[in-house]
Amino acid sequence: MDRQGNRVPGYALLVCLCVAIGCSPVPRKYLRDAVPNVTLVSLQTTPDLYRNRLVIMGAVLLEEEHRDGALWLHVKNRPLDQDYRPQLPPSVNDPEAGWYWIVVGSQDAFRSARQHWVDMTVVGRVAGLAPGKEPVLNMVYVRGWGRQSDHDGVWEELVDANYIPFVPSEVKGELGQ
């Protein structure tokens, strides 16, 4: 109630709730579709279970390579906390302290977005394993964390892999393509 004895609408509570839910570094559409609680070890030991599925991981970028027209990022895993923020693993010898690859399709837009990022929260589709049993993710969305908040940023692949037309090889052969 306010000073005049009137009931104060629950707007303040509603606004606080909306802000708390809406402040996730990962958009709701990805949280809804991603496999929950995926770890680097689970990707390494059972990659076929996750193939073509959406996962959310933490990372710090250490090197990049250009392969077949795509940008490949070699990253060190950073386990995520309950707020999807990357954290250091418990020790350098921890199984979660390993490496994985991220493949970026639209590399020009991504290159300018990430120049000040220290850590990343990555949403990607599991493509399989690279040599050395390092998982490979096709990046869909990334939230970059800078040393200062004004260096934070996001990048999202504009082409949804679910809507890329697929023509089976049998059809291509019949059409002479």
Side-chain angles (χ1 to χ4, degrees), residues 10-61 70-89 94-114 117-130 133-146 149 151-168:
Y11 295 121
L13 178 61
L14 181 62
V15 168
C16 289
L17 181 61
C18 289
V19 168
I21 292 172
C23 289
S24 172
V26 180
R28 186 174 299 146
K29 65 183 177 181
Y30 299 126
L31 292 174
R32 184 179 52 241
D33 294 341
V35 178
N37 305 316
V38 173
T39 65
L40 181 64
V41 171
S42 62
L43 287 177
Q44 291 170 324
T45 56
T46 56
D48 289 336
L49 181 65
Y50 299 103
R51 187 174 304 277
N52 295 320
R53 303 210 39 213
L54 207 60
V55 297
I56 304 171
M57 305 286 290
V60 61
L61 174 62
L71 178 64
W72 286 61
L73 307 175
H74 202 203
V75 298
K76 186 84 166 159
N77 186 48
R78 293 290 185 249
L80 298 172
D81 66 10
Q82 68 276 3
D83 297 320
Y84 298 97
R85 292 285 308 249
Q87 305 295 313
L88 286 172
D94 190 276
E96 288 300 314
W99 299 78
Y100 65 96
W101 289 94
I102 302 169
V103 181
V104 183
S106 302
Q107 52 190 303
D108 292 332
F110 177 72
R111 187 171 287 133
S112 63
R114 66 158 169 80
W117 294 350
V118 177
D119 291 312
M120 301 183 296
T121 301
V122 178
V123 178
R125 290 204 182 278
V126 178
L129 294 179
K133 286 195 86 166
E134 293 178 338
V136 178
L137 305 181
N138 290 315
M139 188 158 54
V140 175
Y141 172 88
V142 64
R143 166 68 154 88
W145 306 96
S149 62
H151 292 154
D152 294 354
V154 298
W155 178 90
E156 188 170 16
E157 180 68 57
L158 298 177
V159 178
D160 188 341
N162 289 322
Y163 299 103
I164 296 173
F166 171 73
V167 179

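The heavy-atom pair separating Leu88 from Pro79 by the smallest distance is C-CD, 4.4 Å. Annotation for Val142 and Val122: closest pair CG2-CG2, 4.1 Å, computed over non-hydrogen atoms. Of all non-hydrogen atoms in Gly58 and Asn77, the two that sit nearest each other are O-OD1, 3.2 Å. Closest heavy-atom contact between Leu31 and Ser24: CD1-OG, 3.7 Å.
Here Arg53 contributes atom CZ and Leu137 contributes atom CG; the two are 13.5 Å apart, rounded to the nearest 0.5 Å. In this structure, the separation between CZ on Arg78 and CH2 on Trp145 is 15.0 Å, given to the nearest 0.5 Å. Atoms CD1 and OH, from Ile56 and Tyr84 in turn, are 5.0 Å apart once rounded to the nearest 0.5 Å. Of the inter-residue distances, the one linking Arg143 atom CZ with Tyr30 atom OH reads 14.5 Å to the nearest 0.5 angstrom.
Applying the side chain to side chain contact (heavy atoms under 4.5 Å, CB included) test to Ser149 and every residue at least two apart in sequence or in another chain returns Asp152. When the ring-ring contact (aromatic ring centres under 6.0 Å, His included) test is applied to Trp101, the partners found at least two apart in sequence or on another chain are Trp72, His74. Partners of Tyr50 according to the ring-ring contact (aromatic ring centres under 6.0 Å, His included) rule, which considers only residues two or more places apart in sequence or in another chain, do not exist here.
A donor-acceptor pair under 3.5 Å links the side-chain atoms of Glu96 to the main chain of Leu40, judged by distance alone. Remark: side-chain polar atoms of Thr45 are paired, donor with acceptor, to backbone N or O of Val41 under 3.5 angstrom.
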Quiz item: Checking side chain to side chain contact (heavy atoms under 4.5 Å, CB included) for the pair Met57/Leu43: CA distance, chi angles, key distance, verdict?
Solution: CA-CA 11 Å; Met57 305 286 290; Leu43 287 177; 4.0 Å; yes
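Taking a 6.0 Å sphere around CG of Asn37, one finds it holds 12 or fewer heavy atoms contributed by other residues, nucleotides or ligands.
Remark: Arg125 does not engage Glu157 in a salt bridge, criterion side-chain N to carboxylate O under 4.0 Å.
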